[in-house]
Structures are given as C-alpha cells and as structure tokens.
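Note sheet for the following structure.
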Amino acid sequence: QPYVLRLFGSKQELFLATNRYAGSRIQDTFRAAAAPLLPEADVPDRLAALGCAYLQLAHDRDLLLVLLHGFMAAADPALGPAMRRCMIEIYRLIRTLTGANAEQARGFVAHGMLINTLVALQMPEHLDEDPAAAELVHHTLRPPADPT
C-alpha cells in the first residue's frame, strides 16, 4: 500500500487512473476497429465493426467492471466529472468514427452498457438457470453483423 500511495498519492487517484486506463483502452479498441474500414463504409457497418471489437473487450471482465464501478461512484464530486468525461469522450469518439447520428450512437452506448451489466452479473456463466437469461445473453452478446 505505501508503494501505491507513493505512485498515485491517494486511493482516489489510483481509482481515477484505473478508470482513465479503462476508458482509453475502449477508445483505442474502437480506433483500431475503425482503422481498416473503407471510406465508403456505411454507418451500420462502422457501428458493427466497433461492436465486434467491444464484444472482444467483454472477455476482459475486470475492465468493464472498473468502468461500472466508476460510473456508480460518479455521485462523488471528486469522481463524477472524470467519469462523465469518460462517457462523453467514448460517445463522441463513436460519433466521429462511425458518422452515427445521436440516436444511433445512443443505442450503441446503451447496448454496450447492457453488455457491461450482463458481464457484471456473470450472466453468460449461468445460462442454464433460466431460458430467458439465455435468450437475453444470446441476443445481446452475438456479433452485430450476425443476421440471426
């Protein structure tokens, strides 16, 4: 603990640094997913590319949990501005990389938050407990380009 405090100054600064890292990782992943897209790719294809990349991030449960913890702690005046900035930076990047309008970007972010919630609940590991859970997970975690 003294080493951590020496590096970050406080637990709060460590928490903020961890959340900045998580937000940056998501943004870097989205940039990498958008980079190979042809200029003429349409908005749904661009969103699908980012969505597939985000599904890969969902395998890193800790990354998504860090963000959820940060968003839940946003009522704290010392944390709230940074967490709101994190969400807006991700939203803005989605709009920039995809050309999505506000409604399309909102839907994309909402779907991502549902993914985060299902991962936090460990729902994919408990599909056998309820058919409705299996249905929700299947329709949420399948790749966006999957037509089924």
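Position 1 is the first residue of the sequence; numbering continues from there.
Contact check for F71 versus M113: side-chain heavy atoms found under the 4.5 Å cut-off. Contact annotation: the side chain of Q27 approaches that of I90 to within less than 4.5 Å [non-hydrogen atoms, C-beta and beyond]. Here the side chains of L93 and R31 are in contact, with some heavy-atom distance below 4.5 Å. Side chains of T29 and Y54 form no contact here, defined as non-hydrogen atoms less than 4.5 Å apart. Side-chain contact between V66 and F15 is absent, with no heavy atoms from C-beta onward closer than 4.5 Å.
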**Request:** Tell me, with the steps shown, if M87 and V109 meet side-chain contact (heavy atoms from CB on, under 4.5 Å).
**Result:** CA-CA 9 Å; M87 175 62 85; V109 170; 3.8 Å; yes
**Message:** Before you tell me yes or no, could you show the steps for D62 and D60 under side-chain contact (heavy atoms from CB on, under 4.5 Å), namely the whole-Å CA-CA distance, both residues' side-chain angles and the distance that decides it to 0.1 Å?
**Reply:** CA-CA 5 Å; D62 292 337; D60 185 350; 3.8 Å; yes
**Request:** Could you walk me through whether L47 and I94 pass side-chain contact (heavy atoms from CB on, under 4.5 Å), step by step?
**Result:** CA-CA 8 Å; L47 287 169; I94 292 164; 4.0 Å; yes
**Message:** Using the rule given for side-chain contact (heavy atoms from CB on, under 4.5 Å), can you reason through L67 versus C86, listing the C-alpha separation, both sets of side-chain angles and the distance that settles it, and then say yes or no?
**Reply:** CA-CA 9 Å; L67 276 182; C86 175; 3.8 Å; yes
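When all heavy atoms of L16 and A82 are compared, the closest pair comes out as CD2-CB, 3.6 Å. Minimum interatomic distance between L64 and A58 (heavy atoms only, all atoms of both residues): CD1-CA, 3.5 Å. In terms of heavy-atom proximity, A33 sits nearest to A53 at CB-CB, 3.6 Å. Scanning both residues, R46 and L38, for their nearest heavy atoms gives NH2-O, 3.0 Å. Residue F8 comes nearest to A17 through the heavy atom pair CE2-CB, 3.6 Å, listed as atom of the first residue, atom of the second, then distance. Residue T140 comes nearest to L136 through the heavy atom pair OG1-O, 2.7 Å, listed as atom of the first residue, atom of the second, then distance.
No path of Ile, Leu, Val, Met, Phe, Trp and Tyr side chains, each step under 4.5 Å between heavy atoms, connects V43 with L37, placing them in separate hydrophobic clusters. In the hydrophobic cluster analysis, where Ile, Leu, Val, Met, Phe, Trp and Tyr join through side-chain heavy atoms closer than 4.5 angstrom, F108 is grouped together with L118.
One finds the CG atom of L79 at 10.0 Å from the CZ atom of R84 (value rounded to the nearest 0.5 Å). With rounding to the nearest 0.5 Å, the separation of OG1 in T18 from NZ in K11 is 13.0 Å. In this structure, the separation between CG on L97 and CZ on R95 is 12.0 Å, given to the nearest 0.5 Å. M72 CE to L65 CG: the interatomic distance, rounded to the nearest 0.5 Å, is 12.5 Å. To the nearest 0.5 Å, atoms CD1 (I88) and CE (M83) are separated by 12.0 Å. For the atom pair L68 CG and T117 OG1, the distance stands at 6.0 Å (nearest 0.5 Å).
Judged purely by atom type and a 3.5 angstrom limit, Q104 uses its side chain to pair as donor or acceptor with the backbone of N101. Without hydrogens or angle criteria, R25 side chain to L63 main chain gives no donor-acceptor distance under 3.5 Å. A donor-acceptor pair under 3.5 Å is absent between the side-chain atoms of D45 and the main chain of A41, judged by distance alone. The main-chain N or O of V119 is found under 3.5 Å from a side-chain atom of R61 such that the two form a donor-acceptor pair.
Using a 4.0 Å cut-off between a side-chain N of Lys or Arg and a carboxylate O of Asp or Glu, E89 and R92 do not qualify as a salt bridge.
Side chain to side chain, H138 and E135 fail the donor-acceptor criterion of an N or O pair below 3.5 Å.
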